[in-house]
Asks: 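To start, I am sharing the structure in question, which I have written as C-alpha cells.
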Amino acid sequence: MLVTKPIAELCALLIDELHGELPSRIFAMLLSKGRSTVPQLSQYTSMTPRQVRHGLAVLQQHNLLFYHVDPGAELAFYEANPDHAYNLVRTGKILEMIDTTFGAPAKDVMQSLLLSGQTRISDLVAAYQEKIEQANKSAPGVGDDGDFGAEPNGADGDSQSTKSGGPLVKSTAHLNTILCRLVEAELIDVVHAKSFESSEDILKTVEKEVMAKYFPGGVKGNKAKAEFQERIAEGLRKVRGESKSLKRKLEQNGTAAKRRRLLSGISAVNGVHDEDMDPALDPRQVIRINYEKCLVDLRNRRLVQYASDMIGETTAYVYGVLLKLLTKDLPRCRSDPVMDAEGDNEESEKGPGSVTTEQILDNLKTSVDLSLGIGKAERRHISSTAAEKIESFPPKKKRFIEETEVDGEASADEDEGDDESSEESDYDSDYKAPATNGTNGVNGTNGTRVKFEEAAAPKERRMDRPSMLRQHLLILAESTQRFVRHCGSNEWTVDFIPVMDSLREAELDSVIERTCGRQGLRLVRILRAKGKLDEKALPNVALMRKPELQQKMLEMQTAGFVSVQEVPRDLKADVKKSFFLWFCDVDRSYNRLLDTSYRTMVHCVQVLEALRQKERDVLETTKRTDVRGREKDTMRKSYYERYSRFLDCERKLFAQVMRVDDLVSVLRDF
Amino acid sequence: MSGRGGRGGRGRGGRGPPTNGRRAVAQNSVPWTMDSDIVLDGKPSEQFPPYNVPKAPILTKTEEKQVSCFLLFREQCQDSPLYTQARSRAQASSTARTYGQEQINKRYGQVTKATVDPFTAVPMYSHKFRKLPRTLPDLGSRPFAKEFFPPELHSTLDGDDELAGPGTKRRRVGPKTLGLSNITSYKTAEELFLPDTQQADSGANLNKALELLNTVEKQNEDGKEAYLSGEDDDDWVRGNGDEDEDGDVEEDDVYDDESGDDYNAEQYFDGNQDDEDYDEGGDDGEGFF
C-alpha cells in the first residue's frame with residue numbers, strides 16, 4: 001500500500017482512537033521516518049525510551065508493526081504496518097459480518113481476539129474460562145430473580161441463553177468449536193516466526209536462500225533467471241503458507257461435513273452438546289485475525305449488493321450462495337504479482353475454480369422463493385444458444401477465444417424434461433451464431449431478460465427448483481456486468497477482475513454524476529468510448545453547444561475526471577493552431593478519488609475530535625463511574641441533551657467514515 | 001469619486017449652465033442624479049447565503065449494526081489495560097500550524113502537574129468517581145506471546161521496564177491473565193432517549209431492579225465500602241436490569257483481581273502516599289498502575 005500523507009494521518013488517528021495517544025504518536029513517526037530503532041524513535045518524538053518501548057509493545061501486540069532483528073544485533077528495526085492500521089476502520093464491518101455468518105458467539109470470540117491482538121490459544125481459553133466461572137458464580141447469588149443473574153451456561157440447558165447478559169460462549173469446548181470454525185474459514189490464522197517481517201525483508205531472505213542453495217555461481221541466462229524467479233515464488237509461497245498450518249491440521253483431523261452437522265446440533269440443542277468431536281487446538285499456538293480473508297468475504301457482500309442493485313434480490317441471493325461456495329478456498333482478493341504469477345501448479349492462479357448447479361442448490365435455503373425475479377418470455381423471443389453459451393476461458397483481451405459449444409449442454413437442459421433437447425443439440429452442432437429462431441427455444445424459459453408475457457404456457461409456470469435456479473444463474477451470466485461465467489455445462493464461476501472493474505466503474509460513474517451531473521457523466525462516457533477527442537470534434541459528437549460543453553469539461557477537469565492534452569501542429573507550437581485533445585484517464589480518476597476519500601475520512605475523525613473538545617465538560621462527566629450507564633438519571637437535562645446529541649453525531653461521523661471506506665475498498669482492495 | 005460627487009452637488013445647487021463639457025457629462029452620466037426615485041439597495045450582501053448542504057442518507061440497518069459494533073469495540077479497547085487514556089497534548093494550541101517535527105513534539109507533554117487547572121484540581125467529592133488516566137499501558141497485567149516480540153521489548157512486556165532508581169516499587173503480584181472486557185453494549189442515542197422500551201421488555205423485573213437499587217442506595221448511605229470497591233458489583237449491575245449498566249463498575253473488579261485494587265478511587269484518596277505517583281511526566285505512572 002502506497003502511504004500518502006492522508007493515509008498516514010488517518011492511520012495515526014485511528015490508532016489514537018482505539019489504542020491511545022502514545023502508540024499513535026509512535027506509529028505516525030514510523031510512517032514518516034521509515035524503519036527506525038528505539039533510540040531513533042525516542043529522538044524523533046522526544047519521548048523517553050521507556051515510553052517508546054511501551055508504545056511499541058502495544059503496537060506489536062495489535063499486529064501493527066513489522067520488525068527486523070539482524071542476527072547478533074541488539075537493536076531491532078521497527079516498521080509500520082499501514083495495511084493493518086487501515087483495516088482498523090473495518091473492524092465494525094468485519095464483526096458485523098461474522099455476527100451474521102457465524103452467529104453472536106463467534107463474534108464475541110473474534111472481538112476478544114481483536115481486542116487483545118495476537119493471542120495464545122491457551123490464554124484465550126483461560127480468559128474465557130474465568131469469565132464463564134464468574135458468570136456461574138454470580139448466577140446463584142442472584143438466583144431468586146432468575147433473569148437478572150448471569151445466564152446459566154450450557155450445562156443448565158436453559159433457553160435463556162439468547163438473553164443478553166449471560167456469557168455468549170458457554171464452555172471452553174464451545175470456544176474450541178468456534179475457533180475451529182473460524183480457523184477453517186481462514187478468518188483466523190497462525191502467527192509464525194516470519195509474520196512480523198515486512199514483505200521486503202521476506203523477499204530478501206528468500207532471495208538469499210535461493211541464491212545460496214541453487215545458484216551459488218550466480219544467475220546467468222534467461223532460463224536460469226526464470227528458474228530463479230520460480231524458486232523465489234515457491235519460497236515465498238511456503239512462507240505464506242505457514243500461517244495456515246492450523247487449518248491444515250484441522251483438515252487432516254476431521255471432515256468439515258461432520259463438524260457442520262455437529263454445529264447445527266448445537267444451535268438446536270442449547271444444552272449438552274458433544275463438542276469433544278472437534279479436535280482440540282494446540283494451546284501453544286498464537287492466533288490473530290486474517291484481514292485478507294475477511295476482505296474476501298467483505299467483497300462477496302459488496303458484490304451481492306451490486307447484483308441486488310443491478311438485477312434483483314433473489315438473484316443476488318443466489319449469487320451470494322455461489323460466491324460463498326466459490327471463495328471458500330480463496331485466500332485473498334488480489335493475487336500477489338510475484339508469488340502467484342508463474343505458479344502454474346497453484347490453484348489460486350487458476351482462479352477460484354467452479355461450482356455446479358447442484359452444489360448451489362444444496363446450499364440454498366428452502367425458504368427462499370426462487371420463482372421471484374424471473375420473467376417469462378415466449379420461446380421465439382429467446383435464443384437458447386446465446387443464453388446457454390458456455391465460455392470455458394476467462395475473457396482475455398489479447399487473444400480471441402473461440403466460443404466453445406459443448407454438446408453436454410443438452411444434458412443441462414434435461415432438467416426441463418423436454419423432447420426438444422435432442423433437437424437442440426443438433427442445432428448446437430450446426431450453428432455458432434446466436435440466431436433467433438423460433439424452433440430452438442427450449443420452453444421459452446431461458447428468457448433471462450425479464451419480459452413479462454401474460455400468455456405464457458401453464459407448463460412454464462411450474463418450473464421446478466433446479467431450473468429456476470438455473471434461470472437466475474443465466475441472468476447473472478448474461479448481464480452486462482458479467483457477474484458469472486458459465487464455464488461448463490452446469491458449472492459456474494466468477495471472473496473477479498472484470499466484475500470488479502465494472503463495479504469500480506459504476507462507483508466512479510456515480511461519483512461523477514454527483515459532482516458534475518448527468519451531462520458530465522455522459523461526456524465522460526463518450527470519451528471512454530472514443531478515446532482521445534479533439535476539442536473541436538467533441539461538440540459534434542456530444543451534440544452539445546460549444547460554450548456549455550467547454551464549461552462542463554473545465555468543471556470536470558478541475559474535479560480530475562478528464563484531462564486535456566496539447567499537441568502542437570508544427571515546431572512553433574502556436575497555441576491557436578495546436579490540437580487540444582480531451583481524454584479521460586480512468587486510473588488517474590481512481591487515484592484522485594481514493595485520495596479524496598482518505599481526506600474525507602481524516603476530516604470526519606478530526607471533526608469528531610473537535611466535537612469532543614466542544615463538549616468536553618459533558619464528556620468528562622459521563623466518564624465518571626457513578627454517572628456511566630445512568631446518564632439519564634444522574635445528569636442535568638441540558639447536559640444530557642448535549643450528550644445524546646454528541647453521541648448521535650459520533651455515530652453519523654463513523655458511519656460516514658465506513659461508507660467512504662466502502663468506496664476505498666472497492667477501488668483499492670477488492 | 002468623491003471629488004466628482006462634490007462637483008456634481010455644486011452643479012445641482014448652482015443650476016447654472018454648464019461651464020465645460022466635463023461637468024455636463026458628470027452630471028448626466030451619474031445614475032442617481034437622473035433618476036430620483038431609484039431605491040438603492042444599501043444592504044450588504046448576505047454573508048451566509050442559504051446553501052443546500054448535501055445530507056447523507058440515513059443509516060441502513062446493516063450500517064447501524066456496523067457502527068454499533070465499531071463503537072462497542074472502541075469502548076472495549078479504551079477499557080483494556082493496553083489503552084493509555086492520558087492526553088498529554090495541550091488542547092489550546094492544537095489548531096496552531098506546525099512546521100517541523102520539533103514543533104509537533106512540543107505540542108505533547110503539555111499536560112503535567114504544572115499545568116493543572118487550579119480551579120478543578122482541588123480535591124472534590126466527585127473526584128472519587130473519576131477514573132485516573134493511565135499514562136503508560138499496563139503491560140504487566142496480561143500475558144504475551146513473547147517469542148513474537150523483539151528481545152529488547154521483553155522486559156517491558158513483563159512490566160519490569162522501570163526506571164533504574166532503587167526506590168521503584170513492584171506492586172504487581174498474582175498471575176497474569178488475559179481479561180475479557182465486560183462491556184457488552186454501547187449506548188446509542190436512541191437507547192438513551194427511550195429507556196422505557198428496554199425496561200418494558202423485562203417489565204416484571206422492573207420492581208426487582210428498583211428494589212435492588214434501593215438496597216444499593218441504602219448501603220451507600222451506610223457508608224459501606226462495597227459500593228464501589230467491586231465486591232458487590234455483580235448484584236448491583238445486574239440489579240439495574242439494564243443491559244447497558246455493566247460498564248465500569250463490573251469492569252473494575254476485573255482489574256481489582258490482578259492489580260491490587262488500583263482502580264479503587266477511594267483507596268487512592270485514602271492512601272495519600274500514592275499521590276506522588278500521579279503523572280510525573282508519564283514516567284512514574286507505571287509503578288502505580
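Reckoned from all heavy atoms, side chains included, excluding hydrogens, waters and symmetry mates. Chain identifiers are assigned alphabetically (A, B, ...) following the order of the sequence lines, protein sequences preceding nucleic acid strands; residue numbering begins at 1 within each chain. Note that this is a predicted model, so its numbers are computed, not measured.
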Asks: Quick check against the 3.5 Å criterion: does A:Arg50 have a side-chain atom that pairs as donor or acceptor with the backbone of B:Thr156?
Replies: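 No.
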Asks: Taking the side chain as every heavy atom from C-beta outward, state whether A:Met110 and B:Phe73 have any pair of such atoms under 4.5 Å apart.
Replies: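 No; the side chains remain at least 4.5 Å from each other.
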Asks: To check you understand the geometry: which heavy-atom pair defines the closest contact between B:Cys77 and A:His19, and what is its length?
Replies: SG-CE1, 3.9 Å
Asks: Identify which part of A:Leu88 has an atom lying under 4.5 Å from any heavy atom of chain B, answering side chain, backbone, both or neither.
Replies: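 Just its backbone gets close to chain B.
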Asks: Is a salt bridge present between A:Arg284 and B:Glu147, judged by a nitrogen-to-oxygen distance below 4.0 Å?
Replies: no
Asks: Work out which heavy atom in A:Arg624 is nearest to a heavy atom in B:Ser126; give both atom names and the distance.
Replies: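 A:Arg624 and B:Ser126 have their closest heavy atoms at NH1-CB, 3.3 Å.
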Asks: Measure the CZ-OG1 distance between B:Arg142 and A:Thr119 for me, rounded to the nearest 0.5 Å.
Replies: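 Reported value, rounded in 0.5 Å steps: 6.0 Å.
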Asks: From B:Gln66 CD over to A:Thr91 OG1, what is the distance, rounded to the nearest 0.5 angstrom?
Replies: 11.0 Å
Asks: Quick one: are B:Leu82 and A:Leu115 in side-chain contact, heavy atoms under 4.5 Å?
Replies: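 Not in contact.
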Asks: Between chain B and each of A:His192, A:Lys107, A:His68, A:Arg90, count heavy-atom pairs under 4.5 Å; write down the option with the most.
Replies: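 Highest number of heavy-atom pairs under 4.5 Å: A:His192.
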Asks: Where on A:Tyr44 is there a heavy atom nearer than 4.5 Å to chain B: the side chain, the backbone, both, or neither?
Replies: backbone
Asks: Under a 4.5 Å heavy-atom cut-off, does chain B meet the side chain of A:Glu74, its backbone, both or neither?
Replies: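 Looking at A:Glu74, just its backbone touches chain B.
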Asks: Calculate, to the nearest 0.5 Å, the distance between atoms CG and NE2 belonging to B:Leu139 and A:His54 respectively.
Replies: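 Atom-to-atom, B:Leu139:CG and A:His54:NE2 are 4.5 Å apart.
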Asks: Name the option with the most non-hydrogen atom pairs under 4.5 Å to chain B; the candidates are A:Thr45, A:Leu56, A:Thr100, A:Leu65.
Replies: A:Thr45
Asks: Counting only heavy atoms closer than 4.5 Å, note whether B:Glu152 contacts chain A via side chain, backbone, both or neither.
Replies: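 Both parts, backbone and side chain.
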Asks: For A:Arg514, I'd like to know if atom CZ has over 12 heavy atoms of other residues, nucleotides or ligands within 6.0 Å.
Replies: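 For A:Arg514, atom CZ is not crowded (no more than 12 foreign heavy atoms under 6.0 Å).
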Asks: Heavy-atom distance under 4.5 Å between the side chains of A:Arg120 and B:Pro143, does that happen here?
Replies: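 Of all side-chain heavy-atom pairs linking B:Pro143 with A:Arg120, none is under 4.5 Å.
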Asks: What do you reckon, is CD of B:Gln78 surrounded by more than 12 foreign heavy atoms closer than 6.0 Å?
Replies: yes
Asks: Would you mind checking which part of A:Val69 comes under 4.5 Å of any heavy atom in chain B, side chain (CB onward), backbone (N, CA, C, O), both or neither?
Replies: side chain
Asks: To the nearest 0.5 Å, what is the distance between CZ (B:Phe148) and NZ (A:Lys194)?
Replies: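 The NZ atom of A:Lys194 is 12.5 Å from CZ of B:Phe148, to the nearest 0.5 Å.
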Asks: On a heavy-atom basis, which atom in B:Phe70 and which in A:Phe654 lie closest, and how many Å separate them?
Replies: CE2-CE2, 3.3 Å
Asks: So which part of A:Met29 gets closer than 4.5 Å to some heavy atom of chain B, the side chain, the backbone, both or neither?
Replies: side chain
Asks: Does any non-hydrogen side-chain atom of B:Arg74 lie less than 4.5 Å from one of A:Glu650?
Replies: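 Touching, per the 4.5 Å side-chain cut-off.
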Asks: In terms of heavy-atom pairs under 4.5 Å, which option from A:Ala655, A:Gly117, A:Gly55 contacts chain B the most?
Replies: A:Ala655
Asks: Quick check for you: to the nearest 0.5 Å, what is the distance between A:Lys93 atom NZ and B:Cys69 atom SG?
Replies: 12.5 Å
Asks: Could I get the full list of side chain to side chain contact (heavy atoms under 4.5 Å, CB included) partners for A:Pro39, not counting sequence neighbours?
Replies: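 Counting only residues at least two positions away or on another chain, A:Pro39 forms a side chain to side chain contact (heavy atoms under 4.5 Å, CB included) with A:Thr37, A:Leu75.
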Asks: Between A:Glu17, A:Gln61, A:Met47, who has the most heavy-atom pairs with chain B when the cutoff is under 4.5 Å?
Replies: A:Gln61
Asks: How about A:Glu96 and B:Glu63: do any of their side-chain heavy atoms sit closer than 4.5 Å?
Replies: no
Asks: For residues A:Pro23 and B:Thr84, report the shortest heavy-atom separation together with the two atoms involved.
Replies: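 Result for this residue pair: CD-OG1, 4.0 Å.
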Asks: Heavy-atom distances under 4.5 Å only: say whether A:Ala193 touches chain B with side chain, backbone, both or neither.
Replies: backbone
Asks: Using side-chain heavy atoms (C-beta onward) and a distance below 4.5 Å, is B:Thr62 in contact with A:Met97?
Replies: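 When only atoms from C-beta onward are counted, A:Met97 and B:Thr62 do not touch, as no gap falls below 4.5 Å.
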Asks: Can you confirm whether A:Phe77 is buried at CZ, in the sense that more than 12 heavy atoms of other residues, nucleotides or ligands lie under 6.0 Å from that atom?
Replies: no
Asks: More than 12 foreign heavy atoms under 6.0 Å from NZ of A:Lys652: is that the case here?
Replies: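 Result for NZ/A:Lys652: open.
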Asks: Which heavy atom of B:Ile58 sits nearest to which heavy atom of A:Arg659, and what is that distance?
Replies: O-NH2, 3.3 Å
Asks: When rounded to the nearest 0.5 angstrom, what distance separates CG in B:Leu153 from OH in A:Tyr78?
Replies: 3.5 Å
Asks: Is there side-chain contact between A:Phe196 and B:Pro150, with at least one heavy-atom pair below 4.5 Å?
Replies: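 When only atoms from C-beta onward are counted, B:Pro150 and A:Phe196 do not touch, as no gap falls below 4.5 Å.
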